[in-house]
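Below is one structure, written out as structure tokens, with a few remarks after it.
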Amino acid sequence: MHTGVASALLIALISAAGSAQAQGDPAAEYPGKPIRILVGFTPGGGPDITARYIAQKLGEAWKQQVLVENRPGAGGTIAAGIVARAGADGYTLLSVSSAHAIAAAIYPQLPYALGELAGITQTGSSKYVLVASPSLGLRSLKELVAAARARPGALNFSSAGVGSGTHFAAEIFRSMAGIEVVHVPFKGIPEALAEAVAGRVHFFLAPMANAVNQVKEGKLLGLGVSSLERDALLPEVPTVDEAGVPGYRPELWFGLLASASVPRPIVAKLNREIVRILAEPDLKQRWEAIGIEPRPTSPEAFDRLVREEVALFTKIARTSNIKAD
């Protein structure tokens, strides 16, 4: 074959292969319609706060609607089931917290298999702060623990529901402090926080994002934060560790999932854009002001975190005999 003809044929073949590859790339035209992000809890919690900010920024970047829908119930498993069955187009996503891993530990039957959902990225993390109403007269964590030990079963705590991150944070605290207290679950973080403000429960392990303002305003006392170092937002509040329960450090994390059937190129495109958003100075400033730290990861790293947390919470659930209602 003539050299010029061979060269022309090779160029044509390369061009055709490139065209076919472009046509076969499912991410090339994504997103071509509105995207939904489901949240398995009531508005106001970390999964809702993070999802709404990311949705706004995705919409601006991609010139496409990104809607957030709250589908509360059954520890977030209703929303998770919807996303797991949503199909492979990548237009229905799920914003989760640590409660997603907890659900796998306490529900005997989930409406989906864990493998039917795949990570896009972790989005953030937050500390818990143990809060109590000033009206109760408990001025420190040591006083709270002493009162609970003096009257086993007389004190109680609120949570955002059985199996919520706030429930498990309190159960870990109860176990490490060696106290017996009564769990009073509510349907969401705002309700659990309101009961603490009113003094109708003795304490609540609240996500920092939800309680920081009430502590600063004096509506709640911050008795301890769940990290080994004090938090810059509440520097006067000791850590639970230094206040008398050594080693206490649970963390509340947030992230985004999709159906595992979504093609990897679409997952990769979502990951790239959301990781870019999480690095924006504006997002960092807004989130850190309410106690949420941006925490972007690869899809694989987020999948690994979920698996590790499921194992941890399964162990805690068995030890504390925690079961879904």
Side-chain angles (χ1 to χ4, degrees), residues 26-27 30-31 35-41 45-55 57-58 61 66 68 75-77 79-86 88-105 110 112-127 163-165 168-169 207 209 249-280 283-284 287-288 291-314:
Y30 178 89
I35 299 170
R36 295 189 304 158
I37 303 178
L38 269 57
V39 179
F41 301 93
D48 184 75
I49 293 169
T50 53
R52 291 185 185 279
Y53 194 88
I54 289 170
K57 291 295 185 177
L58 276 178
V66 183
V68 176
T77 61
I82 293 170
V83 176
R85 298 186 298 270
D89 60 9
Y91 288 96
T92 306
L93 311 179
L94 180 68
S95 181
V96 297
S97 68
S98 308
H100 176 68
I102 291 173
L110 295 172
Y112 56 93
L114 273 179
E116 291 181 296
L117 291 164
I120 297 171
T121 180
Q122 183 179 348
T123 54
S125 66
S126 178
K127 300 178 181 72
S164 63
F168 269 68
R249 56 179 306 176
E251 181 181 81
L252 178 62
W253 49 259
F254 315 109
L256 287 167
L257 300 168
S259 167
S261 63
V262 174
R264 299 311 292 176
I266 290 179
V267 171
K269 187 171 186 176
L270 282 161
N271 177 271
R272 284 193 302 271
E273 189 59 31
I274 295 167
V275 166
R276 183 194 65 76
I277 290 168
L278 293 172
E280 289 182 350
L283 179 142
K284 185 177 177 67
W287 283 17
E288 289 187 348
I292 299 177
E293 179 185 348
R295 192 74 66 82
T297 65
S298 68
E300 295 76 18
F302 188 40
D303 283 334
R304 185 165 56 251
L305 172 66
V306 171
R307 290 194 299 270
E308 290 171 351
E309 291 282 275
V310 169
L312 171 64
F313 291 132
T314 298

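Values below: all heavy atoms of this structure, side chains included; hydrogens, waters and symmetry mates excluded. Note that the structure is predicted; figures quoted are calculated from it, not measured.
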Leu117 side chain reached by Tyr112 side chain, heavy atoms, under 4.5 Å: yes
Non-hydrogen side-chain atoms of Tyr53 and Thr123 separated by less than 4.5 Å: no
Test side-chain contact (heavy atoms from CB on, under 4.5 Å) applied to Ile54 and Phe254, step by step: CA-CA 12 Å; Ile54 289 170; Phe254 315 109; over 6 Å; no
Heavy-atom donor-acceptor pair, Glu273 side chain to Leu270 backbone, under 3.5 Å: no
Candidate pair Leu114 and His100, rule side-chain contact (heavy atoms from CB on, under 4.5 Å), full reasoning: CA-CA 10 Å; Leu114 273 179; His100 176 68; 3.9 Å; yes
Closest heavy-atom pair and its distance - Ala103, Thr77: CB-CG2, 3.6 Å
For Ala88 against Ser261, the heavy-atom pair lying closest together: CB-O, 3.2 Å
Pro47 side chain near Val96 side chain, heavy-atom distance below 4.5 Å: no
Side chain proximity check, Ser164 to Phe41, heavy atoms < 4.5 angstrom: no
Backbone of Gly90 reached by a side-chain donor or acceptor of Tyr30 within 3.5 Å: yes
Residue Arg52 excluded, over 12 heavy atoms near CZ under 6.0 Å: yes
Which atom of Val267 lies closest to which atom of Gly119, heavy atoms considered: CG1-O, 3.7 Å
CD1-CG distance between Ile82 and Leu94, expressed to the nearest 0.5 angstrom: 9.5 Å
Flag, side chain of Arg276 to backbone of Arg272, donor-acceptor distance under 3.5 Å: no
Min side-chain heavy-atom separation Pro299-Arg264 under 4.5 Å: yes
Minimal non-hydrogen separation, Gly124 against Ile292, with atom names: CA-CG2, 4.4 Å
For Gly291 against Ser126, the heavy-atom pair lying closest together: O-OG, 3.2 Å
Distance, nearest 0.5 Å, that separates CD of Glu309 from OG1 of Thr314: 10.5 Å
Side chain proximity check, Leu283 to Pro294, heavy atoms < 4.5 angstrom: yes
Atom pair OG/CG of Ser95 and Leu38 - distance to nearest 0.5 Å: 10.0 Å
Ile277 backbone acceptor or donor facing Lys57 side chain under 3.5 Å: no
Stepwise side-chain contact (heavy atoms from CB on, under 4.5 Å) check, Asp89 with Val262: CA-CA 6 Å; Asp89 60 9; Val262 174; 5.9 Å; no
For the student: nearest non-hydrogen atoms of Leu256 and Ile37, plus distance: CD2-CG2, 4.0 Å
Side-chain touch Ser298/Thr121, heavy atoms, less than 4.5 angstrom: no
Note, Lys127 side chain near Glu251 side chain (heavy atom, < 4.5 Å): no
Spacing of OG1 belonging to Thr50 relative to CH2 belonging to Trp287, to within rounding of 0.5 Å: 5.0 Å
Rounded distance [0.5 Å steps], CG in Leu305 versus CD in Glu300: 13.5 Å
Leu257 CG to Asp303 CG distance, which is reported to the nearest 0.5 Å: 7.5 Å
Sub-6.0 Å ring centroid separation between Trp253 and Phe302: yes
